[in-house]
Amino acid sequence: GKRRRKVYRMPAQSLYKMLDRRLDVSKKRMMRADISVPIILVIDRETRRPTVVLDGNHRLVKAVTMKRDIPFRILYSDEYDMLFGA
């Protein structure tokens with residue numbers, strides 16, 4: 001069968017502060033976002049720091065606004081490089 005990656009949770013505000021950039025998203029799309037769906041977070045394997053939200057920017061911003069936890073799955077930076085080229 002399909003292997004699924006583990007879903008982690010953390011306060012959205014904490015995760016947002018770890019990112020190197022601010023996310024500018026459409027308020028209309030943010031309000032429609034379902035924050036129960038995990039985002040995909042690219043993590044640098046060496047530093048263990050998040051580098052980018054690959055999928056789920058609107059969900060993350062909505063969770064920050066609502067001061068909620070955000071579920072996420074991890075894609076390590078070396079895996080990202082293999083998939084999308086460095």
_Joint cluster assignment, Ile70 & Val25, ILVMFWY side-chain distance < 4.5 Å_ =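 Yes, Ile70 and Val25 fall within the same hydrophobic cluster.
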
*With the 4.5 Å side-chain cut-off for hydrophobic clustering, are Val52 and Phe84 part of the same group?*
yes

How close do [X] and [Y] get, heavy atom to heavy atom, and via which atoms?
| X | Y | result |
| --- | --- | --- |
| Leu19 | Pro50 | CD2-CB, 4.0 Å |
| Thr65 | Met30 | OG1-SD, 4.0 Å |
| Asp69 | Ala63 | O-CB, 4.3 Å |
| Arg59 | Ala33 | CG-CB, 3.8 Å |

Does [X] reach the main-chain N or O of [Y] with its side chain, forming a donor-acceptor pair under 3.5 Å?
| X | Y | value |
| --- | --- | --- |
| Arg45 | Asp78 | no |
| Arg73 | Leu41 | no |
| Tyr80 | Ile43 | no |

*Test ring-ring contact (aromatic ring centres under 6.0 Å, His included) applied to Tyr8 - qualifying residues, sequence neighbours left out*: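 ring-ring contact (aromatic ring centres under 6.0 Å, His included) check on Tyr8 returns Phe72.
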
Measuring only between side-chain heavy atoms, which start at C-beta, is [X] closer than 4.5 Å to [Y]?
| X | Y | answer |
| --- | --- | --- |
| Ile39 | Asp55 | no |
| Val53 | Val42 | no |
| Met18 | Met10 | yes |
| Arg5 | Ile74 | no |
| Leu15 | Leu60 | yes |

*Find the distance between OG (Ser36) and CZ (Arg68) and round it off to the nearest 0.5 Å.*
9.0 Å

_NZ on Lys62 to NE2 on His58, rounded to 0.5 Å_ = 11.5 Å

*Heavy atoms from other residues, nucleotides or ligands near CZ of Arg9 exceed 12 (cutoff 6.0 Å)*: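 Yes, enclosed.
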
_side chain to side chain contact (heavy atoms under 4.5 Å, CB included) for Leu75 and Leu83? Distances and angles first, verdict last._
CA-CA 10 Å; Leu75 179 68; Leu83 290 171; 4.2 Å; yes

*Between Arg49 and Asp44, is the closest basic N to carboxylate O distance under 4.0 Å?*
no

